[in-house]
Trainee: 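My questions will all concern the structure given below.
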Amino acid sequence: GAQCARHGWMNDGVDCLCCRACKSFLCCSLEPSLDIKAREAVVEKFRVSLNEAHLPFCPWRDNPCPDTVVNLPAMSSSEVLAALEARLTTLRSLVSLPRLHSTFLVQVGLQQSTVAVSE
């Protein structure tokens, strides 16, 4: 998942990816009957295709995001909880939350009745 996104691909159904920039599709599935060597060959071909399946002038071709984008820092459960509590404390100190434009709500799939909206 993360490596596919790093190369500009988005999920477009079972075993299929789509590039929103160049509109290319990349599909791959591993048959359970394959032996380990055959599976490794399919995985390697797919890995190469993450780059090469883009159209020649697609901005994602030969230009993936850096590895650091998909490698989240390791945090323990207590560190995650402490960070969440710190963010919640900051939110609680606000007099009011910023208003959201209705077009943004549509884009992220929220209902206007659940949040304050500015037109």
Trainee: Knowing that exactly one of N63, D62, L26, L50 qualifies, which makes a side-chain contact (heavy atoms from CB on, under 4.5 Å) with H7?
Mentor: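 Of the listed options, the one satisfying the test is L50.
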Trainee: Under 4.5 Å between side-chain heavy atoms, chaining through other members, with only Ile, Leu, Val, Met, Phe, Trp and Tyr counted: pull out the rest of the cluster around L30, sorted by chain and number.
Mentor: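 Traced through the cluster, L30 reaches L34, V42, V43.
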Trainee: Check side-chain contact (heavy atoms from CB on, under 4.5 Å) between P56 and all other residues, then give those that pass, not counting sequence neighbours.
Mentor: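 Scan of P56 (side-chain contact (heavy atoms from CB on, under 4.5 Å), adjacent residues dropped) gives none.
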Trainee: According to the side chain to side chain donor-acceptor pair (under 3.5 Å) rule, which pairs have a member within residues 73-82, sequence neighbours left out?
Mentor: S76-S78, S76-E79
Trainee: Listed by chain and number, what are the side-chain hydrogen bond (donor to acceptor under 3.5 Å, both in side chains) partners of D12, not counting sequence neighbours?
Mentor: none
Trainee: Hydrophobic side-chain clustering at under 4.5 Å (ILVMFWY, transitive links): who's grouped with W60? Put none if nobody.
Mentor: none
Trainee: Listing request: all side chain to side chain donor-acceptor pair (under 3.5 Å) pairs with a residue in residues 17-28, at least two apart in sequence or in separate chains.
Mentor: none
Trainee: Taking the hydrophobic residues Ile, Leu, Val, Met, Phe, Trp and Tyr, and joining any pair whose side-chain heavy atoms are under 4.5 Å apart, which ones share a cluster with M75?
Mentor: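 Via sub-4.5 Å side-chain contacts, M75 links to V80.
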Trainee: Any pair with a residue in residues 28-49 that passes side chain to side chain donor-acceptor pair (under 3.5 Å), sequence neighbours left out, goes on the list, sorted by first then second residue, please.
Mentor: E44-R47
Trainee: Quick one: list whatever passes side-chain contact (heavy atoms from CB on, under 4.5 Å) with C16, sequence neighbours left out.
Mentor: C27
Trainee: Using 0.5 Å steps for rounding, measure from the CG atom of L94 to the OG1 atom of T89.
Mentor: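 Reported to 0.5 Å precision, the distance equals 11.0 Å.
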Trainee: For A41, which residues count as a side-chain contact (heavy atoms from CB on, under 4.5 Å) partner, sequence neighbours excluded?
Mentor: none
Trainee: Going by the rule side-chain hydrogen bond (donor to acceptor under 3.5 Å, both in side chains), which residues pair with R61 if we only count those two or more places apart in sequence or in a different chain?
Mentor: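 None.
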Trainee: NE2/H54 to SG/C19 distance, rounded to the nearest 0.5 angstrom?
Mentor: 5.0 Å
Trainee: Mind checking whether R6 and D67 have side chains closer than 4.5 Å, heavy atoms only?
Mentor: yes
Trainee: Taking ring pair (Phe, Tyr, Trp, His ring centres under 6.0 Å) as the cut-off, I'd like each qualifying pair that reaches into residues 12-53, sequence neighbours left out, listed once.
Mentor: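 Output for this query is empty, none listed.
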